[in-house]
Structures are given as C-alpha cells and as structure tokens.
Amino acid sequence: MDVALYAVIIIALFAGLVFTHIRPAPLFFTALLMCYVLGYLDTPELLHNFTNTGLVALVLLMLVSMALERTSILQRLAKSIISPSLPKSIVKVSVVTATASAFLNNTAVVAALVGPLTRNKYHAPSKLLIPLSYAAILGGTTTLVGTSTNLIVNSFAQESAGLSLSMFSFLPIGLAVTLVGIVVLLLSYKILPNYERSVGEHKNYLLEAKVNEDSPLVGKTIEKNGLRDLDDLFLVEIVRDKRLITPVRPENKVRAGDKLIFTGNVQSISALQRIPGLTLFADSNGLLSSNLQEVIVTHTSTLVGRTLKSTGFRAKFDAAVVAIHRNGERLSGKIGEVTIRPGDRFMLAVGRDFHNRNNLDKNFYFVSEHKVDRSYRFTSELMLLAGFAAVITLAATNVLPLVQGLLVFVALLLATNVLDGQELKRRFPFELVIIIASALGLANAFTGSGAEAQLQAWLAQQSALTPLLALVIVYVLTVIMTELITNNAAAALMFPLAYGLSSSLNVELMPFAMAVAYGASAAFISPYSYQTNMIVMNAGQYRFTDFARVGVLMSAVYACVVIGLITYVFPF
C-alpha cells in the first residue's frame, strides 16, 4: 500500500507539471508534505534537505550572478564576434557564449548578447540566435557551476551516496559535446531560417492610443491629422464601439473614443506622445514617463490564457503594458483584450515598486537591461570578475570549498555595496530552493516508502536489463521530461530512479548521475523547454519548427556523444 501511495504521489506530481499552469514549487512541496504526513520521511530528514551543501552553493552562485550580469564585458565582446562570413560568425558566437556560460548564468549571457546580435549589420538574426542559445546550453555542461542542473545532481549525489563532484568533473564530457555541438551548428547553418531582418529591434509591436473627447483630431481625416506619416509606426486598425475598421484609409475620420491601433518600432512611441489629444494605453495608468522594461511571458505564467484587462496587471506588477509583440505575428484589436500566450514580448512602463515585486521571475524572462542606480566602471568590473575567478580557482584546486568561497564573496559584495540587500531579498530564488529541497525529500521518501526495496526486488528478476540499457533508459526519460517540463524539475524527478537503478544493479552511481545531468541539459527541440530558447525565439522571429529542425539533429548527436563517453569516463 505504501509503495502504491508513493507512486500515485509521483504520478500526480508529474501530471501537474505537464498538464497544468501551476508553478513547480507548490507542486513539489505538496508532494513532499504528503510523503511527510504518510510517514515516509521524518522531521530531521525534512529539514536537513533545506541545508544541503549543494543547494546552498547553487543559491550563493545565483546571488553572485546578480552582480556579474551587470558587467559590460559581454557587450564589449559582442562587437567583435560578428564578421562578414556567416560560418566564422557562428563559430565565434558559439565559442564566446559557451566559454562564458561555463561560469556565468546562461540566461544572463544570452540576454546580454541577443541585442547586439540582433542589430548586427551582416547577417539575419535568425541565423545567429539559435546557435547563441544552443551554445549557452552546451557551455553550461562543462563545469559544476555552468548550469543549475549540475549543482542539483551534485546535491542529490552528496545526499544519497556521499559523492561530491568537483568543479571540473563534467569537463571531459562537457567539452566533447560542446565541440561536437559547435561543429553541428557550423554544418547546419544552411538549414537555419533566413528571416528578413526587422527594421529596428522592436518591429511589429502592437501599440494602442485612445482619442480623448476634447482631442483636436476629432472630426478630421486620418490624412489631415498626419497619422499616416509617423516614423516607424503604421496605423493598422481603428476600434470603434466594438467594431474593427481595417484597413484604415486616408479619408477615414477620427471620432472621440476611438482606439487607434499602431504597429512598428516601440522606440518611436514619443511620436505618438507628441500628438495632442491621444492617451496611450500605458499613459492611462500614469506610468509612461517612467522606465521602460522589456520582458517575455514564461510558459508557466499565471497570465497565460487571460487578457490584460482581466488580470489586474497594474495592481499585480506596478507596471503597464506599452506594447505587445508576438513572434512576427500581426496582432489585432485592443491591447487589453489580447489573449496572452507563452513567449509574448511586452514593453512595460514600470512604477517605483516594480522591481520590489516578488512575482516577476515567476511570470517573466527579462530581455532588456535592468534599470540600475549605478553602473560599474571598467576597473570595478575587472575586480568583480577577478574575485569570482579567484573563488572558482580556489574551489577547483581544493584550496577552499565552493560554498565557503561564495559565502565570503557575497559578504564582500554586500559590504562594498556592489550588491544591494533589497535586491537580494527580491531576487532570492525561493522557488528553486523549495523545488530542490522537496525533491531531496521525495528521494528520502523513495526509500522510506519501501519503493526502492520493491524496485530492487523487481529488477533482480529482470535478467535482460543490463547497466548500459538502464543508463540509456534514464537518459532518454530525463530528456523527455526536460522537453515536457523544465530541466530542474526533470533532474529532481529522475535522480531517485537513477539512484535506485544503480543500487539494484550493484554498479557505480556516477554514470547514472551524469546521465541525469546531461539529459536535463538536452533542451534543444522545444523552445519552451529552456529560458534561453524562449528569449531567442522572439528576437529571431522563430517558429517551433525552426527549433525542431535543428534541435532534433543536435539532440541526436549530443545523445550519442554523451552515452558513448559516460561509460568510458565513468565506468560502471
């Protein structure tokens, strides 16, 4: 009965992750509480998981990345990595991105480079941005700190078997898949889509302006009001009394209360602000004079499937939507009545409290630079990077444990005001902590419920199941989960099974741990499986099939290299 109940809990957790928009954290924590109530783990085990060394290292690393992502080093490099030769540009972009992603947050690396690559003068962005995202994923597999999934696997390995992975335990396989992956990208450049370059980074944004009752535009034609001669903006529709007028003709007259729908470069919004008698959508919220922030809606956002009008957007985020962009599609109608989809790009006018809201990371990926009160001087940036390099070097040479080095480094950053305490509080990865600690608890419950013992008994009767076949099964299941849910959740769910299989087959845990780590990083086919894919999807105007076309090839080659090398580098 206990094994059956545990199985039901895990199946329900997986179903919730795949088929609902509920955030992973509450789902994992609910599953953990159910196991705790059923007695599959005790209170000391439950609390111990929240202080796991690997988990603490991951949190500290994410806090340090807040300072690192503000540096301009990557923007400086971006200016020199594009050349007239497309193959040469792909190689340079891939090498620089992979190298940076080995030690820095993948999302921050891609967000820093996506703008310069989009604005390059030689090649269509669609030829460069998929390589950018894939190179970030590949580079993250080379070191312990390169991606959160490696640190998660390290947490499980420490907790389950007392194994502690070093900084460069992942390097032999990670370096191989990175080099092979870059070759695949180089050979695939002809099948990368060649979409027409956008005029400006924000082409096809949808903007809305309302004609006020006392507007001097009222009663005059579109042509007379000069509404067809705006720089980088085009009047595509008029919404009048729930009726849509399109196409808009020069002789159409403007009426009070009309909603004028424009498309084009959102940076030209000042042209609309100069027209008397118009109120922009964000202006009605009193925010348009403040800072603009560009974000992408996550696929697990609570906004998905709803309209801005129904979400209480201003109250929830202290922000108003200036414009909406959807992967090159033409949107129609009022901004407030557009049904939100994953991957939608918003240009937000943000209020003073916007950056203090704790629900931002749950709903958005940030793709424009964060507004900061100060910028680092070049010498300060070098000192910051040198300090981080020193922490990594000391950990790699076993002089100082990674957790201690990061803890001291974070303390120094706070003491020197490089990091702000309020910012740390706002961006502290509470959800990720809950997911990992809950998953560690579920791993304890795997043993406490008797599921591990029953699995071992069943496997003992399966003479056809060899260690290599079990390894392949673990890898394939992890990849499937990564594409369906998220990489972190996939690693957290799959490690207990990997540990159970290694124990049952009486072989080393390390190859199975590596299969989970590398499988959880194989997010190449679906743009929704990894945040860097989501970021470049909009910027490159990609379709799902664009990722699938290149991603299936990349995933197949990646799998062959990983499975082939795991058993060689980490024998059973």
Subject >> CA sep, side-chain torsions, deciding dist, call: L128, Y189, side chain to side chain contact (heavy atoms under 4.5 Å, CB included) >> reply: CA-CA 9 Å; L128 297 171; Y189 78 91; over 6 Å; no
Original post:
Looking at N487, T141, V479, T478, which hits side-chain contact (heavy atoms from CB on, under 4.5 Å) with S521?
Top reply: T141
Subject >> Test item: side-chain donor near acceptor, T298 and N363, under 3.5 Å >> reply: no
Original post:
So how far is it from L63 CG to L413 CG, rounded to the nearest 0.5 Å?
Top reply: 10.0 Å
**OP:** Check ring pair (Phe, Tyr, Trp, His ring centres under 6.0 Å) between Y542 and all other residues, then give those that pass, not counting sequence neighbours.
**Re:** F547
Original post:
Of all heavy-atom pairs between P250 and T221, which one has the smallest distance, and what is that distance?
Top reply: O-CB, 3.4 Å
Original post:
What's the shortest heavy-atom distance between F544 and I525, and which atoms?
Top reply: CZ-O, 4.4 Å
Original post:
Which heavy atom in I81 sits nearest to a heavy atom in V93, and how many Å separate them?
Top reply: CD1-CG2, 3.8 Å
Original post:
How close do N194 and A124 get, heavy atom to heavy atom, and via which atoms?
Top reply: OD1-CB, 3.3 Å
Original post:
How far apart are the closest heavy atoms of A523 and N533, and which atoms are they?
Top reply: O-ND2, 2.9 Å
Original post:
Are V295 and Y365 side-chain neighbours, meaning at least one heavy-atom pair lies under 4.5 Å?
Top reply: no
Original post:
Are there more than 12 heavy atoms of other residues, nucleotides or ligands under 6.0 Å from atom NZ of K253?
Top reply: no
Original post:
How about V254 and K220: do any of their side-chain heavy atoms sit closer than 4.5 Å?
Top reply: no
Subject >> Test side chain to side chain contact (heavy atoms under 4.5 Å, CB included) applied to I340 and T307, step by step >> reply: CA-CA 6 Å; I340 301 167; T307 65; over 6 Å; no
Original post:
In Å and rounded to the nearest 0.5 Å, what is the CG to CZ distance from L384 to F409?
Top reply: 5.0 Å
Original post:
If you take all heavy atoms of L484 and F14, which pair is closest and at what distance?
Top reply: CD1-CZ, 4.2 Å
**OP:** Supply the atom-to-atom distance Q531 CD to S133 OG, rounded to the nearest 0.5 angstrom.
**Re:** 9.0 Å
Subject >> Any donor-acceptor N or O pair under 3.5 Å, side chains N106, Y530 >> reply: yes
Subject >> Donor-acceptor side-chain pairing of R543 and Y195 below 3.5 angstrom >> reply: yes
**OP:** Output yes when D258 and R255 qualify as a salt bridge under the 4.0 Å nitrogen-oxygen rule, no when they do not.
**Re:** no
Original post:
Does the side chain of N488 come within less than 4.5 Å of I436's, by heavy atoms?
Top reply: no
Original post:
Is L132 close to L129 at the side-chain level, that is, under 4.5 Å between some pair of heavy atoms?
Top reply: yes
Subject >> From L235 atom CG to R249 atom CZ, the distance as rounded to the nearest 0.5 Å >> reply: 13.0 Å
Original post:
How long is the span from the CD1 atom in I296 to the CG atom in D344, to the nearest 0.5 Å?
Top reply: 9.5 Å
**OP:** For the pair T532 and Y134, evaluate side chain to side chain contact (heavy atoms under 4.5 Å, CB included) and give the outcome as yes or no after the intermediate values.
**Re:** CA-CA 8 Å; T532 60; Y134 287 178; over 6 Å; no
**OP:** Using distance alone, with no hydrogens and no angle criterion, decide if T97 and S94 have a side-chain donor and acceptor under 3.5 Å apart.
**Re:** no
Original post:
How long is the span from the CZ atom in F313 to the CG atom in L308, to the nearest 0.5 Å?
Top reply: 6.0 Å
Subject >> Set of residues satisfying ring pair (Phe, Tyr, Trp, His ring centres under 6.0 Å) with respect to F388, sequence neighbours excluded >> reply: none
